[in-house]
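We name chains A, B, ... by the order of the sequence lines, and we start the count at 1 in each one. The structure presented is a predicted model; accordingly, all values stated were derived computationally and were not measured.
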Amino acid sequence: MRKYLGLGVSLFASVALVAACGSGSGSSDTEPTAETQETTGGGAEGAELVVWSDAERAEAIENAAAQFEEDTGATVTVVQKNFEDLRADFLAQVPTGEGPDLTVGAHDWLGEFVESGVVNTVDLGDRAGDFEQVTLDAFTYDGQLYALPYAQEAVALIQNTELVGEEAPGTWDEMIAMAEDAGFEDRPFILYTNGAEGDQYTSYAFQTSFGAPIFEQAEDGSYTTEVGLGGDGGQAYAQWLYDNGSAGTGIFTDTIDYDIGNELFSTGESPFIVQGPWVIPTYTDAGIDVAVNPIPSAGSETAAPFVGVQGFYLSAQSANALLANEFLTNYMASDEAQQALYDADPRIPALTTVAESVADDPVMAGFLSSAQNGVPMPNIPEMGAVWDFWNPVQIALINGEDPETIWPEMVSSIESAIAE
Amino acid sequence: MSASRQGKSAADDAVSPGQPKAPGTTGSPRTPGSPGVSRTPGASGSPQESHARSWSGPGWGFLAKLLIMMVVNAIGVMAILSAYNAGSWVVLAVLVVLLLAADIIYFARRALPLKYLYPGLVFLAVFQMFTLVYTGYVAFTNYGTGHLGSMEQAVDAALIQAEQRVEDSPSYPLAVVRDGNDLGFAINDEGVVRIGTTEDPLEAVGGAVVDDSGTPVEVPDWEVVPRTDLFTDAALQERVVELRVPVSEAAEDGSIRTREGSTGSIYSSSLEWDPASTTLTDTETGTVYSPDDRGNFVSGDGERLAAGWYVPVGFDNFVRAFTDTAYAGPLLQVTVWTFAFGALTVLTSFGLGLLFAMIYNDPRVRGQKVLRTIMILPYAFPAFMSALLWRGMLNSEFGVINEWFFFGSGIDWLGDPWLAKFVILWVNLWLSYPYWFLVSTGALQGLPSDVSEAARIDGAGRWRQFRSITLPLLMISTAPLAIASFAFNFNNFTIIFMLTGGGPAFPGASVPLGSTDILISAIYQISGVSGGRADYGLASALSIIVFIVIGIISALAFRQTRKLEEI
């Protein structure tokens with residue numbers, strides 16, 4: 001008998017507990033709406049924008065959001081994540097409705113985002129004309145703009161002025177000659193290869209100087225899925241890697257990872273390196289005076305590095321699309337916000353006026369002029385299939401494998417991976 | 001005669017004097033001399049009634065149980081209600097079953113063992129079974145890049161992507177206007193205020209007031225919605241985002257939409273959604289895109305819209321893992337290496353650990369404690385840090401290994417397929433032999449000295465002693481650990497990822513795998529989490545295969561070890 005009593009008591013108690021909780025949450029749901037209806041112009045109290053960002057930019061976003069919060073009364077919550085996690089998390093969580101309203105991201109994620117249907121289009125309105133064209137192109141897919149760009153970056157040639165002066169070499173051969181004159185026959189140039197894994201991102205400018213883009217570009221600048229690596233230019237680039245690898249001059253090795261490369265340059269072991277703006281503090285802290293210039297051409301065409309663009313994506317499932325657009329186009333696109341983002345994380349701003357103002361700094365000016373030679377990294381989803389074949393082949397060529405066989409093999413692997 | 005049984009009790013006797021080994025055994029018929037060696041039936045004594053079920057006396061135990069169960073029930077009912085609100089029926093069903101089971105188990109008199117097992121079973125169900133079942137589910141879908149959401153979301157995305165701003169459309173200052181439940185836009189078209197709704201195209205109205213920026217602030221017959229209201233009211237915001245006001249009666253002129261509630265421009269969409277036939281129609285070309293069984297909208301001539309949704313695909317992923325020519329070859333190589341890596345790692349590290357244990361266990365060795373502490377050092381270091389350090393040391397040009405031990409020759413440790421495999425085994429040996437050293441030291445000290453003494457008297461040599469007595473006795477306690485270690489290394493992602501990243505890549509292969517990839521790192525590559533195109537379906541199918549393989553190996557191996565005990 002007593003067990004039934006126990007059951008009854010516990011059931012009763014639980015119902016009472018639930019009722020208490022239920023009424024509590026219920027009242028908290030209804031009260032604010034009642035309040036806001038009474039107060040006129042009380043603002044978007046309770047409305048909340050969730051923005052995902054990495055640690056570097058979180059503070060700048062919060063600063064830019066302060067004015068927005070004051071004007072609209074909404075709260076902007078910045079959730080910090082590792083930059084590398086943003087893409088996968090955004091892809092995984094937006095479809096479940098758990099994702100943020102906005103996220104910081106790189107432009108080459110766009111193709112995958114569009115294919116997965118997780119991003120909304122953005123209309124910058126009259127502000128569009130104030131942005132550097134390459135940054136808008138980078139976030140344009142199929143004629144539509146999908147994010148607010150805020151920064152662009154590209155690798156450039158960094159040289160140790162103490163060893164080779166400030167003058168920029170015009171071609172690859174000129175650069176090698178300059179280095180050899182300065183007494184660096186063994187290591188005239190540091191090619192960063194990410195250790196034995198390969199890194200074609202950094203050496204892409206040399207490839208384009210042979211006239212071999214990874215994908216052909218259409219008239220309007222957008223990328224097609226036609227692989228451009230297979231022609232004579234691609235073969236010439238492969239041959240050039242081979243000629244400067246272990247089987248040739250030995251300038252290129254598969255042993256330089258990020259830290260070793262920076263260490264060699266910082267200790268004056270080599271006068272030239274190709275790297276991005278993010279390493280400059282490492283070199284200046286080590287007491288090196290650097291000059292930054294566009295990348296010299298190894299082939300016959302202009303060396304065009306990849307331009308990476310950073311921006312803010314709007315979730316396709318955001319319940320606050322109106323508010324999020326207001327935040328993007330009227331607050332984050334302002335000069336002050338772009339300046340704040342630059343101060344938090346120095347990359348070339350996407351707004352032309354802000355970019356020009358930071359280009360007073362000769363180092364920034366160098367990176368800017370390198371970026372102006374550049375092409376946006378392809379944002380089509382097919383690019384994801386390229387790296388895994390492209391990088392290992394760089395290493396194989398440096399290690400002396402025959403360019404006549406492995407380069408065409410790679411091209412056909414990429415083509416079949418894309419066709420899948 | 002069972003040597004092991006005898007040996008164990010002898011060992012126990014050797015350590016037992018003076019040590020309180022059986023606390024709380026009062027009332028049990030066990031003798032203090034042989035605790036825990038063998039539990040013979042009937043030795044457990046008469047069971048005492050649990051406190052929580054003692055009906056006699058004040059019943060505090062029962063009250064405590066009642067209180068705890070009240071809390072459990074309250075939490076359970078709350079979770080059930082929120083599952084109901086969220087509409088997740090599977091979760092709801094599981095919660096109901098779990099809660100009912102809890103009440104029955106703890107209030108019924110019969111289910112005594114279940115009372116202790118139940119909390120563990122719940123955790124197992126929630127944390128293990130759920131992931132397992134979910135992985136299983138994903139393995140039968142095409143979940144991955146381009147197939148991440150529902151069909152509804154794919155339609156949303158297609159409509160978003162198809163709606164373009166009409167070229168040269170200016171941005172009009174705009175206000176959202178309301179008349180009862182009707183919503184409309186009032187725009188300022190170069191001084192003329194026009195108002196329209198979804199049904200009625202834009203039409204000029206007189207008597208409207210605009211502010212300095214040109215935004216209409218007052219229009220006759222309509223209430224201008226303050227912008228702050230737009231941002232506060234989520235439902236209103238949604239309606240405004242979805243509101244399209246046609247510019248004119250002609251559909252091809254496009255319609256006004258606003259993105260942030262203060263400016264509007266003309267947009268036109270090239271796709272139209274028909275919920276009745278679940279098709280998307282291109283309004284310009286008339287092409288009809290209908291859903292196919294792979295989760296895509298496809299037109300008659302095979303053209304596909306970008307966004308898809310995930311659908312069940314049956315055994316496709318499993319079949320693909322074995323038959324797809326791109327995957328089958330590399331995956332076979334990866335599988336063979338995975339087994340070799342797991343087995344060799346256990347064999348080498350066990351061997352080395354045991355060797356050192358025997359050396360340091362010899363009473364003639366001085367400073368045993370210090371030496372043992374030093375031996376444990378690699379074990380105490382985080383494995384991924386060690387792997388990274390080794391990666392640096394093995395760098396063919398700048399690494400200390402080549403510099404110190406190979407006279408600066410450029411041996412490409414990480415770039416050659418065979419050397420890279422060797423290096424992985426070597427570093428893993430360095431990382432894991434201390435574990436086996438510890439285990440073997442413990443096991444060796446537990447071995448009976450009288451058996452080996454007897455063997456010595458019988459004239460057995462050192463090798464014979466080791467092979468016929470020490471090793472078999474040792475295997476009883478260490479074989480299960482060896483199996484666990486094999487299973488662990490079978491999935492030892494850290495060392496592969498940190499040391500070689502799976503490289504060097506298979507030359508000319510059409511999948512991004514390398515010669516030191518083991519199954520788990522291959523799965524990571526294929527899942528696309530690291531970048532590139534994700535295929536969670538295939539990755540889940542592979543992890544299920546790995547799970548089954550490990551399960552079979554463990555079952556077989558434990559069977560073998562049971563035989564070991566019956567020497």
Reported CZ-to-CG distance for the pair B/Arg259 and A/Asn120, which is rounded to 0.5 angstrom = 6.0 Å

Donor on one side chain, acceptor on other, B/Arg165 and A/Thr121, under 3.5 Å = no

So do the side chains of B/Ser396 and A/Thr253 get within less than 4.5 Å of each other, counting heavy atoms only?
-> no

Can you see which heavy atom on A/Gln317 is nearest to which on B/Asp156, and at what distance?
-> NE2-OD2, 4.3 Å

Under the ring-ring contact (aromatic ring centres under 6.0 Å, His included) test, which residues partner B/Tyr267, sequence neighbours left out?
-> none

With A/Asn379, which residues qualify under side chain to side chain donor-acceptor pair (under 3.5 Å), at least two apart?
-> none

Is the shortest distance from a Lys or Arg side-chain nitrogen in B/Arg391 or A/Glu197 to a carboxylate oxygen in the other one below 4.0 Å?
-> yes

Heavy-atom distance under 4.5 Å between the side chains of B/Gln153 and A/Val94, does that happen here?
-> no

With only heavy atoms counted, which part of B/Gln161 is less than 4.5 Å from chain A, the side chain, the backbone, both or neither?
-> both

Give a yes or no on this: more than 12 heavy atoms of other residues, nucleotides or ligands lie within 6.0 Å of atom CG of A/Asp402.
-> yes

Which one, A/Thr329, A/Asn320, A/Ile406, leads in non-hydrogen pairs under 4.5 Å with chain B?
-> A/Asn320

Measuring heavy-atom distances to chain A, does B/Thr500 have an atom under 4.5 Å in its side chain, in its backbone, in both, or in neither?
-> backbone

How long is the gap from CG on A/Leu91 to OG1 on B/Thr145, to the nearest 0.5 Å?
-> 6.5 Å

Select one option (side chain, backbone, both, neither) describing which atoms of B/Thr263 are under 4.5 Å from chain A's heavy atoms.
-> neither

